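All remarks here apply to the structure that follows.
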Amino acid sequence: MKQYQAYIQGQFIHSEDYMDVTYPATGQVVAQVSSCTKEEAEQAIQGAKHAFSSWKGLPSYKRAEFVMNLLNEMRKEGPLNDIATAITQEMGKPLSAAKSEVFYAADLGEYQAQWARRIEGDVVDSDNPNEKIISYKEPLGVVLVIVPWNFPIYVLMRKIIPALICGNAVVIKPSVKSPSSALELAQCIHQAGFPEGVINIVTGTDDVVGETLSSSDQINMVTFTGSTRVGKRIMEKASRQMVRTSLELGGKAPAIVMEDADIELAVNAIKGGRLANSGQVCNNTERVYVHRDIKETFTKKLVEAFQSVLIGDGLVNPDVEMSCLISAHDVQRVHNMVLSAIDEGATILCGGSLIEGLTDSFYPPTLLDQCTQQMNIVHDEIFGPVLPIITFDTLEEVIEMANDSQYGLTANVYTNNYQYVMELTTKLECGEVYVNRQQGEAYQGYHAGWKQSGIGGDDGKHGFEEFLQIKTVYLKF
């Protein structure tokens, strides 16, 4: 069993206490990680603050060279396999999916590193004679990166690489549920030769490490991906210090299947969009609105697709499409939502019970029919492999139902009608709309939610510029 040390000021520190990391598919303890103290968390902040002054002084292309060193280390067969295995053991996704996560995290990092020579400013004419107004962008300082458990490396990389390229130093707080993969990545960071203190990874409990980091007046920005509930707490703490926040929070993505949709395409995309990562993705399809004219055909095919999914231990069987949820507690939470929906009048088309022969951390792909807009399961984020189906008759009706949500992260549209596409993409209240494809953001797009799905965002030009601030100089000559 591996024992991991936190990474602070360029050193792996030996803590007094350690936390167990449990493989959710079996309940077995598979690793231990440092449970840092308040003092160690403060040491990481001070180390980042000290490193920032020299790191921001490097030309941005020089900072990108360090980043590329890191990406090259990640892509080596040994580190890639070690990081991917740690991901699977700590949060349960199939090993093949974990390897893809590491690969795409490095690929995203390479895209972001290419922004090093694209940090731009402006020169504007002044109202005064012999004067120019110059605006340029500078780094913020110390960025606190709080990482979720469902994509522990991809989300970590999508946040730290633009922060580093822009000239910031970072302190990373992994989830207590998935801390070991970040410390596997720390080996690559160390080998990449970053100056001491530029990247720090502090593992530990939320009430000690999380509280210390998020309450510090030495932090200049907090970037977080996770639940809306936790995001609100982080925003409240940050506001006391007037700290900038970027929050990518929960979602309740609707999928709208119009009467002219390519049904095979819609079924395959919705299956992948609901069951990816066992339904534990913020932009997973969380509710399906299907036109009454095609309801019977569509539903039959979707049931067949859900029932065809191979489920099992993703560490043992590389061919499984879906593995366990993060915990047995989450399985029970998801199942209680299904039972509540049944009490409200929904019917089960497939799934809806524990899987024989697997532990109580597994839950099957589940479809609920006869759902109505008023049901709790249509409004509350499920974060599991369960999908309610709602029938509609008109375009105006489905737009109103889709927008009837506190969330506004993503939406999915299936139609070949140009008029429908324009109306839906214009009127849906969310940050991203996917038309005739499974959801999944591109590196160059801006991944950001509306409403209670977040403030700020990741990826693309706008996500990169989250880590910069503007300085304006009035130059009299």
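Along the sequence shown, the residues carry numbers beginning at 1. It should be emphasised that the depicted structure is a prediction, and the values quoted were computed from it without experimental measurement.
Counting heavy atoms from C-beta outward, C371 and I389 have side chains that stay 4.5 Å or more apart. Contact annotation: the side chain of D458 approaches that of K159 to within less than 4.5 Å [non-hydrogen atoms, C-beta and beyond]. Side chains of S15 and I13 form a contact here, defined as non-hydrogen atoms less than 4.5 Å apart. Side-chain contact between R158 and Q112 is present, with heavy atoms from C-beta onward closer than 4.5 Å. Inter-residue side-chain proximity for L265 and Y414 is flagged as met; some heavy-atom pair is nearer than 4.5 Å. The closest side-chain heavy-atom distance from Q43 to I45 is not below 4.5 Å. Taking 4.5 Å as the limit, every side-chain heavy atom of I311 sits out of range of all side-chain heavy atoms of V320. No side-chain heavy atom of Y446 sits less than 4.5 Å from a side-chain heavy atom of E441.
Across all their heavy atoms, D319 and N317 have their closest contact at N-OD1, 2.9 Å. Heavy atoms only, all atoms of each residue included: I377 and A341 are closest at CG2-CB, 4.0 Å. Across S323 and P94, no two heavy atoms sit closer than the pair CB-CD, 3.8 Å.
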(request) Decide side-chain contact (heavy atoms from CB on, under 4.5 Å) for Q5 and T203; before the verdict, give the C-alpha distance in whole Å, the side-chain angles of both, and the deciding distance to 0.1 Å. (result) CA-CA 8 Å; Q5 283 75 44; T203 51; over 6 Å; no
(request) For R240 and D217, run salt bridge (Lys or Arg N to Asp or Glu O under 4.0 Å): C-alpha distance rounded to whole Å, both residues' side-chain angles, the deciding distance at 0.1 Å, then the answer. (result) CA-CA 9 Å; R240 297 171 193 164; D217 60 2; over 6 Å; no
(request) List the steps and the verdict of side-chain contact (heavy atoms from CB on, under 4.5 Å) for Y23 and D313. (result) CA-CA 10 Å; Y23 181 34; D313 187 328; 2.4 Å; yes
(request) Check the pair E466, K461 against salt bridge (Lys or Arg N to Asp or Glu O under 4.0 Å), reporting the backbone distance first and the verdict last. (result) CA-CA 9 Å; E466 294 273 350; K461 176 182 178 181; over 6 Å; no
(message) Quick one, Y7 with V202, criterion side-chain contact (heavy atoms from CB on, under 4.5 Å). Give me CA distance, side-chain angles, the key distance, then yes/no.
(response) CA-CA 7 Å; Y7 188 68; V202 188; over 6 Å; no
(request) List the steps, then state whether side chain to side chain donor-acceptor pair (under 3.5 Å) holds for D20 with Q32. (result) CA-CA 5 Å; D20 288 340; Q32 290 185 320; 3.1 Å; yes
(request) Kindly determine whether V230 and S227 satisfy side-chain contact (heavy atoms from CB on, under 4.5 Å), including the steps that lead there. (result) CA-CA 5 Å; V230 176; S227 71; 3.2 Å; yes
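Proximity of a side-chain donor or acceptor of N81 to a complementary backbone N or O of E77 within less than 3.5 Å is detected. Proximity of a side-chain donor or acceptor of D107 to a complementary backbone N or O of F103 within less than 3.5 Å is not detected. Counting only distance, with no hydrogens or angles, the side chain of S216 and the backbone of Q218 share a donor-acceptor pair below 3.5 Å. A side-chain donor-acceptor contact under 3.5 Å links N168 to the backbone of A163. At least one donor-acceptor pair under 3.5 Å links the side chain of S100 to the backbone N or O of S96.
Distance check: L213 CG to C36 SG gives 9.0 Å after rounding to the nearest 0.5 Å. In this structure, the separation between CD1 on I160 and CG on L70 is 6.0 Å, given to the nearest 0.5 Å. Within the model, atoms CE of M337 and CZ of F383 stand 12.0 Å from one another, a figure rounded to the nearest 0.5 Å. Rounded to the nearest 0.5 angstrom, T223 OG1 and I146 CD1 are separated by 8.5 Å. Distance check, rounded to the nearest 0.5 Å: CD1 of I165 to CD of Q114 gives 10.0 Å. Of the inter-residue distances, the one linking E101 atom CD with Y154 atom OH reads 9.5 Å to the nearest 0.5 angstrom.
Surrounding OH of Y443 are more than 12 heavy atoms belonging to other residues, nucleotides or ligands, all under 6.0 Å away. With a 6.0 Å radius and a threshold of 12 heavy atoms from other residues, nucleotides or ligands, K451 has its NZ atom above the threshold. Within a 6.0 Å radius of CE in M68, other residues, nucleotides and ligands contribute more than 12 heavy atoms. Applying the 6.0 Å contact sphere to CE of M1 captures more than 12 heavy atoms from other residues, nucleotides or ligands.
A donor atom on one side chain and an acceptor atom on the other are found under 3.5 Å apart for D404 and Q373. Looking at N69 and E73, their side chains never bring a donor and an acceptor atom within 3.5 Å of each other. Between the side chains of Y61 and R63, no donor-acceptor pair is found at a separation under 3.5 Å. In summary, the side chains of K252 and Q406 do not present any donor paired with an acceptor at a separation below 3.5 Å, with no hydrogens or angles considered. Remark: the E196 side chain and the Q9 side chain contain no N/O donor-acceptor pair separated by less than 3.5 Å.
In this structure E304 satisfies the salt bridge (Lys or Arg N to Asp or Glu O under 4.0 Å) test with no other residue, sequence neighbours excluded.
Among residues at least two apart or in separate chains, there is no salt bridge (Lys or Arg N to Asp or Glu O under 4.0 Å) pair with a member in residues 80-91. Among pairs with a residue in residues 329-358, those fulfilling ring-ring contact (aromatic ring centres under 6.0 Å, His included) read H335-Y363, at least two apart in sequence or across chains.
Between E321 and K271 there is a salt bridge, with a side-chain nitrogen of the basic residue lying less than 4.0 Å from a carboxylate oxygen of the acidic one. In summary, E42 and K38 engage in a salt bridge, as defined by a charged side-chain N under 4.0 Å from a carboxylate O.
For the pair K93 and F151, the cation-pi test (distance below 6.0 Å, angle within 45°) is passed.
Side-chain rings of W55 and F66 approach one another, their centers coming within less than 6.0 Å. Ring pair H379/Y407: centre-to-centre distance not below 6.0 Å.
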